[in-house]
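Both backbone and side-chain heavy atoms feed into the values below; hydrogens, waters and symmetry mates do not.
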Amino acid sequence: MSQLPSENIIVLAGATGDLGNRIAVELIARGAKVKALVRPETDPQKVEKLRTQGAEIMETDYINQRQLTNALRGAGCVVSALSGLRDVIVDAQTMLLEATVQAGVPRFIPSDFSIDFTRLPYGTNRNLDLRKEFGERLDRVPIAATSILNGMFTDLLKGEAPVIIPQLKRVIYWENAEQLMDFTTISDTAIFTAAAALDPTTPRYLRIAGDVLNAYGLAEAARQATGEKYTLLRAGGLGRLDAIIKVTRTLFPQKKEVFPAWQGMQYMRNMFSGLPKLEPLDNNRYPEITFTKVHEVIAAQ
């Protein structure tokens with residue numbers, strides 16, 4: 001017998017990751033029943049953490065379509081926070097999507113969580129190309145889908161993204177210091193995603209940004225956070241960055257790495273081009289959410 005979907009039941013894939021776990025916690029705090037999909041080989045400690053937090057654990061092998069479909073029955077929405085390359089973003093998510101349709105789940109939120117890749121041509125960003133490809137598959141199925149686009153995770157400005165350099169008191173930029181860019185913390189993205197997962201009226205795309213700053217704004221944010229003056233350093237134009245990406249990718253291909261150095265460079269190239277700028281923003285869709293500013297993240301470092 002088929003089980004009617006409940007808006008309060010959310011199936012979450014990728015719940016043992018950083019973003020996924022935060023989404024799970026926020027969903028549970030909002031009164032949702034979270035069914036977390038975990039593979040048999042998942043770290044038992046991470047699984048136990050999810051169980052302790054209140055999630056129902058659904059051990060599932062993605063290649064077992066019947067098992068996967070049964071795990072999804074009755075849910076109002078499937079949320080994917082999976083992270084990886086083609087075998088995950090395209091292949092595993094496609095299996096998850098097919099099971100979602102077969103199980104009669106009405107809504108699907110893919111693991112996009114990025115700048116607006118819909119405005120980028122293929123070939124400029126390997127990881128976002130995979131999301132574009134999966135998005136085309138998603139648009140062909142008879143269910144509602146919502147991609148949440150949040151720009152860059154603000155958390156990366158604390159060291160992983162070579163933009164704000166505390167040791168030099170510099171903000172590094174490419175091409176144009178006036179180019180506005182979008183930043184949202186992992187935590188705020190998770191909070192917004194949880195709200196969207198429980199909202200049956202979401203559109204195909206939702207765009208959010210905790211802060212929208214150019215290079216001058218980033219320097220001012222760093223000054224507010226530290227009390228020290230930051231100056232700008234132009235690293236070059238986009239053509240020079242393209243050349244550096246090409247050389248780095250040739251010398252250090254790291255094809256099996258999700259975030260090799262050249263992938264981060266591609267992301268910076270995209271952001272400073274202005275093409276994937278998020279607009280319009282949907283920050284006000286859930287008025288109870290207060291977004292974290294860049295200077296707050298830097299101050300907490």
Compute whether any side-chain donor of one residue and acceptor of the other, for [X] and [Y], lie under 3.5 angstrom apart.
| X | Y | result |
| --- | --- | --- |
| N127 | Q266 | no |
| N150 | T184 | no |
| D188 | T292 | yes |
| T60 | Q67 | no |
| T118 | R131 | no |

- Are R170 and Y230 in a cation-pi contact, defined as NZ or CZ under 6.0 Å from the six-membered ring centre and within 45° of the axis?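 No, R170 does not sit over the ring of Y230.
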Under a 4.5 Å cut-off applied to non-hydrogen side-chain atoms, are [X] and [Y] in contact?
| X | Y | answer |
| --- | --- | --- |
| E59 | R39 | no |
| Y62 | Q93 | no |
| N283 | F291 | yes |
| I245 | L241 | yes |
| R234 | Y173 | yes |
| L198 | E7 | no |
| W262 | R126 | yes |
| L120 | I115 | yes |

Testing the basics here: between [X] and [Y], what is the closest heavy-atom pair and its distance to 0.1 Å?
| X | Y | answer |
| --- | --- | --- |
| A195 | I289 | CB-CD1, 4.4 Å |
| P162 | E160 | CD-O, 3.6 Å |
| A215 | V171 | O-CG1, 3.8 Å |
| P260 | Q254 | CB-OE1, 3.5 Å |
| L238 | S273 | CD1-CA, 3.9 Å |
| I164 | P166 | O-CD, 3.3 Å |

In one Ile/Leu/Val/Met/Phe/Trp/Tyr side-chain cluster, 4.5 Å: [X], [Y]:
| X | Y | answer |
| --- | --- | --- |
| F117 | I89 | no |
| Y267 | I244 | yes |
| V47 | V79 | no |
| L206 | I186 | yes |
| V141 | L68 | yes |

Do side-chain atoms of [X] reach the backbone of [Y] as a donor and acceptor pair under 3.5 angstrom?
| X | Y | value |
| --- | --- | --- |
| N8 | G31 | yes |
| S80 | P110 | no |
| D282 | R285 | no |
| R51 | I57 | no |
| D211 | V294 | yes |

- Begin with the C-alpha distance, continue with both residues' side-chain angles, and end with the deciding distance and a verdict on salt bridge (Lys or Arg N to Asp or Glu O under 4.0 Å) for E136 and K132. CA-CA 6 Å; E136 292 168 1; K132 281 172 65 74; 5.5 Å; no
Drop me the distance from [X]'s [atom1] to [Y]'s [atom2], to the nearest 0.5 angstrom.
| X | Y | atom1 | atom2 | answer |
| --- | --- | --- | --- | --- |
| L19 | F113 | CG | CZ | 5.0 Å |
| L180 | L278 | CG | CG | 11.5 Å |
| S114 | L128 | OG | CG | 5.0 Å |
| L85 | K255 | CG | NZ | 12.0 Å |
| L96 | D91 | CG | CG | 12.5 Å |
| L218 | R223 | CG | CZ | 13.5 Å |

- When you look at CG of L251, are more than 12 heavy atoms from neighbouring residues, nucleotides or ligands closer to it than 6.0 Å?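 Atom CG in L251 is crowded, with more than 12 foreign heavy atoms closer than 6.0 Å.
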Salt-bridge test for [X] and [Y]: reply yes if a basic N is under 4.0 Å from a carboxylate O, no otherwise.
| X | Y | value |
| --- | --- | --- |
| E296 | K293 | no |
| K229 | E220 | no |
| E26 | R22 | no |
| R86 | E133 | yes |
| K169 | E228 | yes |
| D116 | R119 | yes |
| R207 | E279 | no |

- Item | Stepwise side-chain contact (heavy atoms from CB on, under 4.5 Å) test for F153 and T189 | CA-CA 8 Å; F153 285 130; T189 301; 3.6 Å; yes
- Taking it one step at a time, do K277 and V212 satisfy side-chain contact (heavy atoms from CB on, under 4.5 Å)? CA-CA 9 Å; K277 176 73 184 67; V212 180; 3.6 Å; yes
- Query: Taking only residues two or more places apart in sequence or in another chain, which ones pass salt bridge (Lys or Arg N to Asp or Glu O under 4.0 Å) with R204?
  - Reply: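 Listed in chain order: D139.
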- Could you go step by step and tell me if L72 and L37 meet the side-chain contact (heavy atoms from CB on, under 4.5 Å) rule? CA-CA 9 Å; L72 306 186; L37 299 180; 4.0 Å; yes
- Evaluation steps, salt bridge (Lys or Arg N to Asp or Glu O under 4.0 Å), between E288 and R30: CA-CA 12 Å; E288 74 277 11; R30 289 171 177 263; 3.3 Å; yes
- Message: Please determine whether side-chain contact (heavy atoms from CB on, under 4.5 Å) holds for the pair K35 and I9, giving the CA-CA distance in whole Å, both sets of side-chain angles, and the decisive distance to 0.1 Å.
- Response: CA-CA 7 Å; K35 299 168 73 173; I9 299 176; 3.6 Å; yes
Atom pairs and distances, side-chain donor-acceptor, residues 101-109, under 3.5 Å, sequence neighbours left out:
residue, atom, partner, partner atom, Å
Q102, OE1, T69, OG1, 3.3
R107, NH1, A197, O, 2.8
R107, NH1, D199, O, 3.4
R107, NH2, A196, O, 2.8
R107, NH2, D199, O, 2.9
R107, NH2, T202, OG1, 2.8

